[in-house]
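Here the structure is laid out as C-alpha cells; the discussion comes afterwards.
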Amino acid sequence: MWWERAGFKEPCIITACEYVVSLWKPLNTWQWEKLYSWHFTEVSQNLRAESGLYKHLHSNVDGQLPKMGPTTTQDRTEVPVLQIVPVPDVCNLVCVALGNLEIREIRALLCSSDGKREKQVLLSSGNIKAVLGLTERRLVSSSGTLCDQQVEIMTFAEDGGSKEKQFLMSPEETVLTFAQVQGMQEALLGTTMMNNIVIWNLKTGQLLKKMHIGDSYQASVCHKAYSEMGLLFVVLSHPCAKESEPLGSPVFQLIVINPKTSLSVGVVLYCLPQGQAGRFLEGDVKDHFAASVLTSGTIAIWDLLLDHCTALLPPVSDQHWSFVKWSGIDSHLLAGQKDGNIFVYRY
C-alpha cells in the first residue's frame, strides 16, 4: 500500500502478528524499516459500558480511543488480529478486523497529522461476518444474525473517521464474502451461507438479484468478479472440497452467471498438478492470477487464462507457508511463514 511521510509517497508493507499490526518501508533491496506499530487491547465490559466507549468514540477530536481513568492489567485484554482490510486508492489508512475466531471489531489505522504517533478509530463492532474495502474510500461489512442481517457501506473522511453510512437491502441470509465487480464499479457481489450469490447496486442500495450456484461445494468463497458482455465471471474457492476429486483437488473455480436468467455454469476447475496434495487453506486473486496456501504447506499459483497451475512454492527451510497475498500496487507476491518470516517475490 502507499504511505506518505513529509510529502513523499512510497510503497510500504503492512504485516500482522497476533496482537500487533506494523507498517514497514523499504530501505534498499534487502532491508525494511518498521515505521509504526498498532497494538490492540479491549477494555473490560463493565468499564466499556461506564465510559461509553462505543457511543462516544467518533466524537473524539483526535480520532483515538477515548482516555479513561486508571485501569489495571486485568481490565484490558489483548485482541487478536483476524484480517488486514486494505482500502483501494487510499493512502495512509488501512483497516483491521479484530476478534476471537469471529470478527468483533473493525478499526481504521492511521497516524497523526505530524506523522509522529499511531492512531486508531473504531468503525464498527458486533457480530460481524464479512468485510471488504471498496473503491472511493468505502468499506462494506455484514453483521448480525440470520434474522437481522445488516449490510452497511461506510465512507471514510480524510481523517480516517466515518463520514457517512448507507445500508444495503438485506438478503435475509448470512453473507460470507464480498467482491466488487470489475467492469461495473457500482455493483457489489456477495456469497451467502446458502450457496447463493447476491448482487447489489451500491448507489441505490437495492438488492438486484439472488442466484443459487448449486450444492456441489459448500461454503464457497468469492475472490473476484468480472463483468463482460452482460455476463458475470466469478472466481470461487472451495475450502470444503474433498481431496479425492477425479481430476485432482479443486482449489479455485471459474463460473459464469447470466444475471437476467439467474442461470450459472461452471467453466473451469483449477486443480493441483498430479502428485501434489492438499486443500485450499487461504488465498488471493488479482487480475487473472490466483494464489493459494494449501494444507500441505505449499503455495500454488494459477494463471486463470491458461487453466492450469503455473508455479509451486514448497515450504522453505521446513517452515510451512501460512498466508499469501498479491501486492496492491505492483506484481509482487507476499508470502508468510508460521515463524513470522515474510518473503517478497516478483511474479
Side-chain angles (χ1 to χ4, degrees), residues 1-3 10-17 21-34 81-91 94-97 132-133 177 179-180 182 221-226 235-239 249-254 268 270-273 276-347:
M1 65 169 295
W2 292 104
W3 204 272
E10 59 186 341
C12 296
I13 290 178
I14 291 281
T15 62
C17 298
V21 167
S22 300
L23 177 77
W24 302 80
K25 77 165 188 175
L27 294 179
N28 53 47
T29 306
W30 305 108
Q31 290 185 317
W32 294 76
E33 178 187 16
K34 183 159 60 176
V81 180
L82 293 181
Q83 182 183 351
I84 295 176
V85 187
V87 182
D89 309 322
V90 172
C91 184
V94 67
C95 297
V96 291
L132 178 71
T177 54
Q180 197 164 9
Q182 188 172 318
V221 176
C222 177
H223 292 272
K224 196 78 176 177
Y226 314 83
V235 181
L236 304 171
S237 64
H238 304 299
S249 301
V251 181
F252 292 100
Q253 182 183 21
L254 177 66
V268 183
Y270 299 95
C271 299
L272 292 175
Q276 294 294 322
R279 292 182 293 105
F280 177 92
L281 187 61
E282 75 104 41
D284 191 27
V285 177
K286 180 182 178 182
D287 298 329
H288 57 89
F289 295 105
S292 172
V293 176
L294 308 174
T295 51
S296 62
T298 294
I299 289 176
I301 301 172
W302 285 263
D303 185 326
L304 301 179
L305 300 179
L306 298 179
D307 301 352
H308 65 264
C309 182
T310 55
L312 291 170
L313 284 173
V316 175
S317 303
D318 296 326
Q319 286 288 333
H320 283 194
W321 298 111
S322 60
F323 84 89
V324 64
K325 190 75 175 176
W326 293 105
S327 168
I329 56 178
D330 51 33
S331 59
H332 288 88
L333 185 73
L334 280 66
Q337 296 177 322
K338 292 183 178 180
D339 62 1
N341 286 325
I342 296 175
F343 293 75
V344 181
Y345 292 92
R346 184 185 298 275
Y347 187 78

How many angstroms lie between atom [atom1] of [X] and atom [atom2] of [Y], to the nearest 0.5 angstrom?
{"X": "I299", "Y": "L281", "atom1": "CD1", "atom2": "CG", "result": "10.5 Å"}
{"X": "L272", "Y": "T298", "atom1": "CG", "atom2": "OG1", "result": "9.0 Å"}
{"X": "C12", "Y": "E33", "atom1": "SG", "atom2": "CD", "result": "10.0 Å"}
{"X": "D318", "Y": "D339", "atom1": "CG", "atom2": "CG", "result": "11.0 Å"}
{"X": "I342", "Y": "Q337", "atom1": "CD1", "atom2": "CD", "result": "10.0 Å"}
{"X": "L294", "Y": "H320", "atom1": "CG", "atom2": "NE2", "result": "11.0 Å"}

Can you see which heavy atom on [X] is nearest to which on [Y], and at what distance?
{"X": "F252", "Y": "S292", "result": "CE1-CB, 3.7 Å"}
{"X": "S322", "Y": "V293", "result": "C-CG2, 4.1 Å"}
{"X": "A291", "Y": "L333", "result": "CB-CD1, 4.1 Å"}
{"X": "V324", "Y": "G283", "result": "CG1-CA, 4.1 Å"}
{"X": "A16", "Y": "V81", "result": "CB-CG1, 3.9 Å"}
{"X": "W302", "Y": "C271", "result": "NE1-O, 3.3 Å"}

With sequence neighbours excluded, residues passing side-chain hydrogen bond (donor to acceptor under 3.5 Å, both in side chains) with [X]:
{"X": "H223", "answer": "S237"}
{"X": "D307", "answer": "none"}
{"X": "W24", "answer": "T15"}
{"X": "T310", "answer": "Y347"}

Is there a side-chain contact between [X] and [Y], using heavy atoms and a 4.5 Å cut-off?
{"X": "L304", "Y": "L254", "result": "no"}
{"X": "M1", "Y": "P86", "result": "no"}
{"X": "W2", "Y": "P11", "result": "yes"}
{"X": "L313", "Y": "Y345", "result": "yes"}
{"X": "L334", "Y": "S327", "result": "yes"}

*What's the verdict on side-chain contact (heavy atoms from CB on, under 4.5 Å) for V316 and W321, showing C-alpha distance, side-chain angles and the deciding distance?*
CA-CA 8 Å; V316 175; W321 298 111; 3.5 Å; yes
*asked:* Suppose the criterion is side chain to side chain donor-acceptor pair (under 3.5 Å): which pairs have a residue in residues 281-290, not counting sequence neighbours?
replied: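 Every side chain to side chain donor-acceptor pair (under 3.5 Å) pair that includes a residue of residues 281-290, provided the two are not neighbours, is H288-D303.
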*Decide side-chain contact (heavy atoms from CB on, under 4.5 Å) for L23 and I14; before the verdict, give the C-alpha distance in whole Å, the side-chain angles of both, and the deciding distance to 0.1 Å.*
CA-CA 5 Å; L23 177 77; I14 291 281; 3.4 Å; yes
*Could you go step by step and tell me if Y226 and V235 meet the side-chain contact (heavy atoms from CB on, under 4.5 Å) rule?*
CA-CA 9 Å; Y226 314 83; V235 181; 3.9 Å; yes
*Let me see the working for N341 and Q319 under side-chain contact (heavy atoms from CB on, under 4.5 Å), right down to the final yes or no.*
CA-CA 9 Å; N341 286 325; Q319 286 288 333; 5.9 Å; no
_T177: which residues meet the side chain to side chain contact (heavy atoms under 4.5 Å, CB included) condition with it, sequence neighbours left out?_
T191, V221, C222
